[in-house]
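The block underneath contains the structure these notes are about, expressed in structure tokens.
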Amino acid sequence: MQSVNLLERMKQTPVDPAVGIAVVAGVAEAGVSLGLAVVHDRIRPHYQKVSDEIYYILQGQGELTVGEETLALSEGDTCAIPKGQVHGFVNTGDKPCLILFSSGPKFEPETDRFFPE
């Protein structure tokens, strides 16, 4: 069993220039993972071929675009993102937006994150 304090880990996690956010590693098993995205500006549009994702807004607000649809999200909102769908997020607030995200199967950015640009 493992336990991770995402808020403590967030303090030492740098921004990933490939996607434009700090991706804080949480806990993971083969079938599922949980992490935290710290969005100062935006999440670059991308997609996964293998993993479905769920976003939960812990702090802040923004606009999530999945395919051709854009939703305004704020604290407490959640949204499912099917694999294969290009998605991106723009922070519309004045502080970092914290997004708790779950991926199933486990998030593997090195092999399952693609940029359409």
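Closest approach of A28 to K106, counting heavy atoms only: CB-CD, 3.6 Å. Between V32 and S102, the shortest heavy-atom distance links the atoms CG2-OG, 3.6 Å. Of all heavy-atom pairs spanning E75 and K95, the tightest one is OE2-NZ, 4.0 Å. Nearest approach of V66 to Q85, heavy atoms of both residues: CG1-CB, 3.8 Å. Closest approach of V86 to P116, counting heavy atoms only: CG1-CG, 3.9 Å. Nearest heavy atoms, C79 versus L71: SG-CD1, 4.0 Å.
Side-chain contact between L100 and L6 is present, with at least one heavy-atom pair separated by less than 4.5 Å. Contact annotation: the side chain of E8 never approaches that of M10 to less than 4.5 Å [non-hydrogen atoms, C-beta and beyond]. Side-chain contact between H40 and P96 is present, with heavy atoms from C-beta onward closer than 4.5 Å. Side chains of L58 and L36 form a contact here, defined as non-hydrogen atoms less than 4.5 Å apart. You'll find the side chain of C97 reaches within 4.5 Å of the side chain of I57, heavy atoms only.
In the displayed structure, D94 atom CG is contacted under 6.0 Å by at most 12 heavy atoms of other residues, nucleotides or ligands.
Within the 3.5 Å criterion, the main-chain N or O of A25 finds a donor-acceptor partner in the side chain of R9. Between the D16 side chain and the V23 main chain, no donor and acceptor come within less than 3.5 Å of each other. The closest donor-acceptor contact from the side chain of N91 to the backbone of G62 lies at 3.5 Å or more, if one exists at all. Checking side-chain atoms of T65 against main-chain N and O of H87 turns up no donor-acceptor pair under 3.5 Å.
In this structure, the ring-ring contact (aromatic ring centres under 6.0 Å, His included) partners of F114, at least two apart in sequence or on a different chain, are Y47.
Aromatic rings from Y55 and F89 are positioned such that their centres are separated by 6.0 Å or more.
Under the 4.5 Å side-chain contact rule for hydrophobic residues, L98 and I21 do not share a cluster. When the side chains of ILVMFWY residues are joined at heavy-atom separations under 4.5 Å, either directly or via intervening members, V15 and L7 end up in two distinct hydrophobic clusters.
Residue pairs meeting the ring-ring contact (aromatic ring centres under 6.0 Å, His included) criterion with at least one partner in residues 59-81, sequence neighbours excluded, do not occur; the list is empty.
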